Amino acid sequence: MHRTQCRECREHLSEKEMLSRLDDILAGYKNVDGATIPVLQTAQNMFGYLSKPVMKEISRKLNKPYSEIAGIVSFYSFFSTVPRGKHLVRVCLGTACYVRGGKRILEAIKKELGIDVGQTTEDRLFSLDIGRCFGACGMAPVIMVNDTVHQRCKAVKVAEILDHYRNKKSGPEKEQV
Amino acid sequence: MFCAYVNNIKVEVTEGSTILQAAAQAGFKIPTLCYLEDKTPQGACRVCMVEVEGARTLMAACCTPVTANMKILTNTRRVREARRNVVELLLSEHKGDCKTCTRNDDCELQELARALGIDNVRFQGETTAQKLDNTTPALTRDSGKCIKCRRCVTVCNEVQSIGSIFPQSRGFKTTIGPAFDTMLDDVVCVQCGQCAAVCPVAAITENSHIDGIWKALDNPEKFVVVQTAPAIRAALGECFNNEPGTLVTGKMVAALRQLGFDAVFDTNFTADLTIMEEGTELLMRLKKSLVEKQLAPLPMFTSCCPGWVRFAEHYYPDFLPNLSTCKSPQQMFGALAKTYYAAKIGKKMEDITVVSIMPCTAKKYELQRPEMNSSGLRDVDYVLTTRELGRMIRQSGIEFNALPDDKTDSPMGRSSGAADIFANTGGVMEAALRTVYEIVTGRELPVKKLHLDPIAGLNGIKHASLKIEGTVGEWNFLEGIEVKVAVVHSLGNARKVIEAVKNGQVFHFIEVMACPGGCISGGGQPRFTNDKIRQKRINAIYKEDEGKQLRKSHENPEIQQIYKEFLVKPLGKKSHKLLHTHYTARNM
């Protein structure tokens, strides 16, 4: 059976378990206006990505067409419909980071990890995405790994940053850099 | 109420009015490609931009409310240039070729470009990726032509409460469609075609059956019969520049004959037949419930509308026993044409081709439902929308407006006024009550001009009750009973009335039509339809009804004839086989 890892507690979850946890999330949003995005965010944080059954269940429970849920999920780059690696690397390509070389950093990371944007490494350690401004323009160019911003990043420093995560045993958590 | 100024003309507007409405009041037309009357404005197309004194940027007229003393300018250089830019940008990414497009000369984008004097597109770049979706029997979606105005999204969600489609992805990559670019056939879509009816371009159109019909007409072995739905006669004229609401019954028949159809009949005939079958069915259910004290599926719902049937199959499978088992008039006609009529003219059913002219796209879906072959073959072979018939008439060079009036053939061409009003919301119910009341009491329905005013008109949900008094013979059990009926149009309203029934509201009979206003503004009717045009078409239909001597289905001599010669009696053995059907619960 396909099992996915709960990102918050590092347990392995079956689809059934995912849906039952989703029920707990949804219970808190009964008859709440504007619940769609918070529910999707919570579900994504919990499961690491949004699977079809999860999105369908959200659609049913919030009484919104599945096409609308899909529309929202495909609109925001934050949401992912494929399982993510242990560490999510996001390269900012907002205006400030872009002009200060964000694209070169992106290329370096692609090369270092051997994956394209939206993909996950075979060892399920890293996923790569682009971001549109993390609000750290003064420190441009920046990349974000999980919840940590790496400022004034350089292409040559990419391997070093990633190595730090390769050597870490635990999952995503706050860290000081 | 407060004042505003549009191009220095003072107008008094009510609070909440938009600039677009204020400008219309002042007599100025502001172009728009995404606006839909009485629906939530989208502000998606950016064509309706105007200048507002004191505002830094141009404002979208469709979604900006007017404020007191607002000064609006709709025709400045800045406005004209902005609109031109927007439309040129739309044209630059629009992957369509006007010369060969089905919407050529009927396209809002093309018309607007012409109106704005665009003779050159200054921008060149990528065009929208073209992906065709013709997975459903009724509709084709062409993402290359889509301008993302979202009208289709609005009708599918707000009017029909289905939500098959929604904007997917973002920016230049945005597409309008089902979840994650799946195909329409993969999701719940009732194929009502209201999306195609509001599409300003050719991004959603009906699957054309024109070629197949030409082939059948050219084949000397084939005897091609045609039926026309009640709503066609009040709208086909619009394809030839007649005012909405122009009745063209006689010219329509003449045109069909000139196109080469071997017999020109009328779906109205089987509409009358539907009343005989469905009316009897209602009485039987009432009898079962009131006399035999058994559980009978009440309220009974009408079943003429394939969009509504499919909606019920997906969303309310528990209510399927409540749907009348009557086939739609189109399918009754097909089954009879290949049996009753074939025998009458001494033809084999395989040599008969049945063509329907329908105001509807879902009828293209209905004809291919697997159970619709009770004659032994596919009962109906082709369906043309009103728009397609208009195109076919133009293709053949017929001067439509100059045609003399002609009459339909016998024995499936004659109809009562009760059949005409099947075209609009409230019509099937009124037609049924005209006959049922008379069967039960022996007297005519006691209302002015035989019209039940509470269930006529464009209100979304309409109720009426009718006290049955002075019953005759076997119908005494209905004495003093107050028959409660409801009439709804658009599927959003159907949902509301079913929920009301679930919550205990009592009705005996409910009419549902999937399209707003009923078939007169079906997904296959001439574009563009709003409530004003709907009302004009409805008025035309009532005029057709009132102009007839024959106003009640059971008085139609051809109906009496078919029961005498062939069907024997309503709900009889032959009726059961040819005129009634069953439904299938479907997944969500």
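Reckoned from all heavy atoms, side chains included, excluding hydrogens, waters and symmetry mates. Every value quoted in this text rests on a predicted model; they were computed, and no experiment measured them. We name chains A, B, ... by the order of the sequence lines, and we start the count at 1 in each one.
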Side chain B:Asn134, main chain B:Thr140, donor-acceptor under 3.5 Å: no
Does B:Pro299 offer a backbone N or O that forms a donor-acceptor pair with the side chain of B:Asn322 under 3.5 Å? yes
Interface residues of residues 55-67 of chain A facing chain B - heavy atom cut-off under 4.5 Å: A:Met55, A:Pro65, A:Tyr66, A:Ser67
Using only heavy-atom distances, determine whether the side chains of B:Asp181 and B:Thr175 contain a donor-acceptor pair under 3.5 Å. yes
Donor-acceptor pair between B:Glu499 and B:Tyr316 side chains, under 3.5 angstrom: yes
Whatever's closer than 4.5 Å to a heavy atom in chain A on B:Ser164 counts as backbone
Would you tell me whether A:Ser127 and A:Gln119 have side-chain atoms, one donor and one acceptor, within less than 3.5 Å of each other? no
Donor-acceptor contact present, side-chain B:Lys39 to main-chain B:Thr154, <3.5 Å: no
